[in-house]
2 protein chains.
Amino acid sequence: MTNNTKDNGVPTLADVALHANVSTATVSRCLNSPERVGEKTRQRVMKAVQDLGYAPNFGAQALAARQTNTIAAVIPTMENAVFARGLQAFQEELGRHGKTLLVASSAYDADLEEQQVRALAARGADGILLIGYDRAPDIYAFLAKQQIPTLIAWSFNPEETRPSVGFNNRAAMTELARQVIGHGHKHIACVSAPTASNDRARERVEGIRDAMSQVGQSSSDLVVVETPYGIETGERAFRQVMTESPRTTAVMCVNDVLAVGALRAAREMGIKVPDDVSVTGFDDIEIATLAEPPLTTVHVPHREMGRCAADMLIHILRGDQDGHTLELATEIRVRQSLGPAPN
Amino acid sequence: MTNNTKDNGVPTLADVALHANVSTATVSRCLNSPERVGEKTRQRVMKAVQDLGYAPNFGAQALAARQTNTIAAVIPTMENAVFARGLQAFQEELGRHGKTLLVASSAYDADLEEQQVRALAARGADGILLIGYDRAPDIYAFLAKQQIPTLIAWSFNPEETRPSVGFNNRAAMTELARQVIGHGHKHIACVSAPTASNDRARERVEGIRDAMSQVGQSSSDLVVVETPYGIETGERAFRQVMTESPRTTAVMCVNDVLAVGALRAAREMGIKVPDDVSVTGFDDIEIATLAEPPLTTVHVPHREMGRCAADMLIHILRGDQDGHTLELATEIRVRQSLGPAPN
DNA sequence: TTAAAAAATGTAAGCGCTTACATTTTAGAG
DNA sequence: CTCTAAAATGTAAGCGCTTACATTTTTTAA
């Protein structure tokens, strides 16, 4: 072995310094701002780094430099393709800027989310990405107190002031609902995720109401069934809708997964889509095109959102106060699951 | 504000100590091993922690305690539901043990993976999860030098000695291939992911060959097309297979996504599945049941694998050397995409 | 009541790095 | 060749926490 000061395998800055016959300061500079070091010295130091297989100690670095180059994200679940995709892009962009991603998931549970946020803050995250606006005020207070820059994604609400990157869930759903209404549907039902602490779902439901109001229909006519995320739950919700409100001719789901469940339930019940009932989704993930029939849905640029989120967060960390909030466009994708209302 | 020693918002251990009128050691003990502190003192300290909104500084903690309670995973991509699911379970279990997950993705690129591993090691990961055995020896050497416990997932190969949790890709595929052969198929083709640095794909292909050999068929008869991951690429690969080897009656894909692509290509080409050609997948993710026709595939317990991986890694970190490697069972799921060979 | 053991708490030495400031070396100008 | 400014390097003081060891307090037992 080499002449490490202390003989536990992992070499330290001091070992490198010794090896290269310079001070620790010089080694540190070689690694962090090489232009401030003489050419020959640098080469000598770099060789020592190589020889010893030196890698900086993270804790020490974080402590001394007061930052971890680590960014955290708390998402509902990675099993939702929507978040997996966004997170993937987020991580890629982060990586490009030398940042690493810390991940936790809340399983759509507000308390769990709070725990996770605290845990990630404790892990020294320089910044944090959160999904949607809805959460207890003390989380925001905590983050403020800890001085951890925070960015909201997946939601964009002109009335909110927090930095965010996302799309207008309400407006997007309104547009889709208009299309549905345009197909002659008068009895619309909505299968939603729980709206209590999920502004995205809530806004989407409201979006449908907006569209109904716009055509002079009472928005309280909208039948809404709330259910947790999943194909099976979507199936059950669809059955419930059709049982309790048999006149329904269009079932608008707040995401594609629930919609696929609805499609499946319809098939089992012998209900033809779109001849008897139309079904719509939201997100435009892969299964939307794979479903039978292919799903009419709202296309959301998940990857772009993830990428932008990373960029924005990095800007915020740097102190560039520009572009504090960003609205992304969505787009209606009309496919076979939407058809004219039966008469 | 409170009487922080130094007046930059974030309180330190010393501030808490001051506030509670104890030493920093006592505060530290309150937080890390409360049973070693008197009841009254603890309450006083905890109150101070609350009042000040204290959260430990990560870098300092990591430096002093020589561990970060952080575990890293490098996966090919989160957009593959297979990994998203496993990673989700992995993270959940980690969380249960107070560990946090650091994530990076390699996009199935060996060089990128190496970079990521180094980056995560530099971020102070206490342990690391890697997918599959295949990678440059210097990555393993680096990890060993850094003394970072490493666990391999998604592969279990009796001939390998590294700690791993996974399933026998080869044996599982052999079993599926036997079923295919049992349906009378003599001209089998395989659509594979690139096998160069992916032992999982390679083993699956070999698994088919094994089954062919077992029935006395020359394994070199197997037509193999390699293509990157994706539905579209699966489509193209299927076209290529059917063009170059039109006698093919069964196309075995090394994962469900490629298989769904194959199914789609078949439909576009007017080839009936399974009447003209049978198609199989691997993984049994959601789209396998959603596909038309539903896909015959190998069910892999992704969630369980993620959970076990977390448990094993934690054990390894603790120094419990038990259960160094774990084989999980897979199961063939026969669905409509597999039928008897046309005569 | 008192000595010994056990429990609670305090003291202070690092952990390995960054960086302000001090010092030395080098380069350039006269 | 000398003087000065700039570049390169070194010195050493923390960063905020954990923990071995020392000290004090409480409990237990005789």
Side-chain angles (χ1 to χ4, degrees), chain A residues 4-46 48-49 52-69 121-124 126 146-147, chain B residues 4-46 48-49 52-69 121-124 126 146-147:
Chain A
N4 295 335
T5 323
K6 29 214 63 175
D7 196 49
N8 78 78
V10 186
T12 70
L13 234 215
D15 295 327
V16 177
L18 216 62
H19 200 84
N21 209 317
V22 294
S23 71
T24 60
T26 300
V27 178
S28 177
R29 279 190 286 256
C30 270
L31 267 20
N32 301 313
S33 38
E35 74 284 358
R36 304 193 49 233
V37 174
E39 176 61 19
K40 300 175 106 163
T41 317
R42 184 179 358 169
Q43 300 204 335
R44 192 150 32 92
V45 171
M46 288 316 197
V49 167
L52 266 46
Y54 168 77
N57 175 292
F58 177 68
Q61 200 168 350
L63 179 56
R66 285 120 181 301
Q67 62 159 353
T68 59
N69 283 316
R123 285 287 178 288
D126 291 337
Q146 296 284 316
Q147 303 176 215
Chain B
N4 294 335
T5 322
K6 25 215 66 172
D7 198 49
N8 77 78
V10 187
T12 71
L13 234 215
D15 295 327
V16 176
L18 216 60
H19 200 83
N21 209 316
V22 294
S23 71
T24 58
T26 300
V27 178
S28 177
R29 280 190 286 254
C30 269
L31 267 21
N32 301 314
S33 37
E35 73 285 357
R36 302 192 49 232
V37 175
E39 177 60 18
K40 299 176 108 164
T41 316
R42 184 179 355 165
Q43 300 204 336
R44 192 150 32 92
V45 170
M46 287 317 197
V49 167
L52 267 45
Y54 168 77
N57 174 293
F58 177 69
Q61 200 167 355
L63 178 55
R66 286 121 181 302
Q67 62 162 354
T68 58
N69 284 316
R123 285 287 179 289
D126 290 337
Q146 296 285 315
Q147 305 177 261

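Quantities reported herein were computed from a predicted structural model and do not represent experimental measurements. Just so it is clear: chains get the letters A, B, ... in the order the sequence lines come, proteins before strands, and each one is counted from 1.
- Expressed to the nearest 0.5 Å, how far CD of A:Gln61 lies from CG of B:Leu63 amounts to 11.5 Å.
- Atom CG of A:Asn69 is separated from atom C1' of C:dT18 by 13 Å (rounded to the nearest Å).
- Side-chain proximity of B:Val37 to C:dT18, C:dT9, C:dG16: nearest is C:dT9.
- The interatomic distance linking B:Asp15 (CG) with D:dG16 (C1') rounds to 10 Å, in whole Å.
- Atom CG in B:Leu18 sits about 13 Å away from atom P in D:dC17, given to the nearest Å.
- The two residues A:Tyr54 and A:Leu13 have their closest heavy-atom pair at CE1-N, 3.4 Å.
- Legend: residues meeting side chain to side chain contact (heavy atoms under 4.5 Å, CB included) with B:Ala64, ordered by chain and number and at least two apart, are absent.
- The list of salt bridge (charged side-chain N to carboxylate O under 4.0 Å, His left out) pairs with a residue in residues 21-40 of chain A, not counting sequence neighbours, reads A:Glu39-A:Arg42.
- The nearest whole Å value for the distance from the CZ atom in A:Arg66 to the P atom in C:dA20 is 11 Å.
- Contact annotation: the side chain of A:Ser23 approaches that of A:Thr26 to within less than 4.5 Å [non-hydrogen atoms, C-beta and beyond].
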Under 3.5 Å, N/O pairs linking protein and nucleotides 21-26 of chain D:
none

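- What separates CG of A:Leu13 from P of D:dG10 is a distance of 13 Å, to the nearest Å.
- Between B:Ala17 and B:Val27, the shortest heavy-atom distance links the atoms CA-CG2, 3.6 Å.
- At whole-Å resolution of the value, CG in B:Leu31 and C1' in D:dT18 are 12 Å apart.
- Whole-Å rounding puts the A:Leu63 CG to D:dG16 C1' distance at 6 Å.
- Phosphate contact (OP1/OP2 of D:dG16, side-chain N/O of B:Thr12, threshold under 4.0 Å): absent.
- Each end of the helix from C:dT1-D:dA30 to C:dG30-D:dC1 gets its own axis from five base pairs, and the two axes differ in direction by 30°, given to 10 degrees.
- In this structure, B:Thr41 has no side-chain hydrogen bond (donor to acceptor under 3.5 Å, both in side chains) partners at least two apart in sequence or on a different chain.
- For the pair A:Glu39 and B:Ala65, nearest-nucleotide mapping onto DNA chain D gives the more 5' position to A:Glu39.
- At least one side-chain heavy atom of A:Arg123 sits less than 4.5 Å from a side-chain heavy atom of B:Asn69.
- With sequence neighbours excluded, no residue forms a side-chain hydrogen bond (donor to acceptor under 3.5 Å, both in side chains) with A:Asn21.
- B:Ser28 is linked by a side-chain hydrogen bond (donor to acceptor under 3.5 Å, both in side chains) to B:Asn32, counting only residues two or more places apart in sequence or in another chain.
- The CG atom of A:Asn32 sits 13 Å away from the P atom of C:dA20 (whole-angstrom rounding).
- Counting any heavy atom pair closer than 4.0 Å across all strands shown, A:Ser28 reaches a base atom.
- Sequence order on DNA chain D of the closest nucleotides to A:Ala64 and A:Arg42 puts A:Arg42 first from the 5' end.
- At least one side-chain nitrogen or oxygen of B:Thr26 sits closer than 4.0 Å to the OP1 or OP2 atom of C:dG10.
- Residues A:Asp15 and A:Thr12 are in side-chain contact: their nearest non-hydrogen atoms beyond the backbone lie under 4.5 Å apart.
- Annotation: side chain to side chain contact (heavy atoms under 4.5 Å, CB included) contacts of A:Ala20 (sequence neighbours excluded): A:Val22, A:Arg44, A:Val45, A:Ala48.
- Less than 4.0 Å separates DNA chain D from at least one heavy atom of each of the following residues of residues 53-61 of chain B: B:Tyr54, B:Pro56, B:Asn57, B:Ala60, B:Gln61.
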